[in-house]
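If you're wondering where the values come from, they're calculated on a predicted model, not measured in any experiment.
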Amino acid sequence: MGPLIPNGILTDEWNIIIAVLIGLAFGFILEASGFSSSRKLAGVFYGYDFAVLKVFFTAAVVSVIGLYYMDYLGWIDMGMLYVHPTYVWAAIVGGAIMGVGFVAGGFCPGTSLCAVAIGKLDAWVYVFGILIGVFIFSEAYTVFEDLYNGSFLGYITLMDNFDIPAKWIILGVTAMALIAFFVSDIVRKRIKKVFY
Amino acid sequence: MINRNLAKILAKRYIILASLLFIAALGLVLLPEYKKNEHVTAEDLLAKVVNPERYITSDVLADKIVTKDPSILLIDLRTPKEYEAYTLQGAMNIPFDKILEPDFEGYLNQDQYDIVLFSNGNFKADQAWLLLTRKNYKNLHVLNGGINGWYNTILNPPKPTENMPNEAFERYNFRMAAASYFGVGNNTGESAVADEPEARKVVIPVMKKKKRKPEGGC
């Protein structure tokens, strides 16, 4: 049956409508969980608040388990889903830049827009910085081109690469997530409480 | 009034939620294996088998060959020996036993040509059609009657009798003209073998990768 749009159950025009609806819900949940506070986001790095880790890890685990049950029931064809291509060095460098920006600015790109929506000045500066970064990257694309397109490994996934069935990887990731939650709770209790 | 039992349970809510998640993941591991039907469902396949649209008559095919229609790809399913002896103009030979070999997948699994499968009769070509349709290949057709039908209709058409409708005579004239195009002069009694068909150069269509749209995260 699914995915709905590639299989023609919904027309292409629904793409943007559904994107807007999911975007609204996503933004609402981010704001409602307090993710528009840069202190809460930076808390992961200082160890006084692990909400970000818990929320995103839980979301990933819940969706992967749900998708595989739906795949089993024949509701969705996992083979048709998008797999992000892997550019190893671009991912490493980009991830490092993103991490530095995350801990220094206190937002990830998604939550910064949430914070812009509720009128935080630092978020405005942050988003402006993103735009400057985009501009510099676009103008100096030829300099970054080798990094951007290099070390391409294709649309690889863990299960193809290590030849392990998806179910075992899911079980492993779930266990990893639960252990991470447990350990992060212990860490949080040992760290001095920060009021924010 | 505080419900003490409920409070006791709620105090352990994170443990309960975590175990639920783990049980759900474990359930995925314990689900029995099953062979997924990756291509065509039984209902679809049956509907296609019953549908006679896959057949192309020898008249239509002759017209396409004479007008040099570039969109058809003729596949001769007979043995190489039979192929050497006689085949349709521009046909390429993929023996029936080899249709599922990866060498020929580029020819069969594509969406640029209308493939016309033919054999001596309908039987082998229908079998091949079924196998390839089961693999969800597109644009497959079967020459109705095969080479024998081709011989009986195009190369050696029965002469219509006087009480037949006008269309029968027109069809006969077309077939006679087509037959002389294929090098068979029924009236002059020339050899019934057509000119050596030129080996047609078929460009292997490039397999298209699945479309992947860029997406963002976070």
Side chain / backbone / both / neither for A/L171 at chain B, heavy atoms under 4.5 Å: both

Exceeds 12 heavy-atom contacts within 6.0 angstrom, atom CG of A/L131: yes

I'd like a table of donor-acceptor pairs (distance under 3.5 Å, sequence neighbours excluded) in which one partner is a side-chain atom from residues 13-26 of chain B, with atom names and distances.
unit_1	atom_1	unit_2	atom_2	d
B/R13	NH1	B/L10	O	2.9
B/S19	OG	B/I15	O	2.5
B/S19	OG	B/I16	O	3.1

Between A/V61, A/V64, A/L178, A/I170, the one whose heavy-atom pairs under 4.5 Å with chain B are most numerous: A/L178

Nearest heavy-atom neighbours spanning B/L28 and A/K167: O-CD, 3.9 Å

A/Y46 atom OH: more than 12 heavy-atom contacts under 6.0 Å: no

Neighbour count above 12 (heavy atom, 6.0 Å) for B/E53 CD: no

Chain B interface, residue from A/Y69, A/W168, A/F182 that has the most non-hydrogen pairs under 4.5 Å: A/Y69

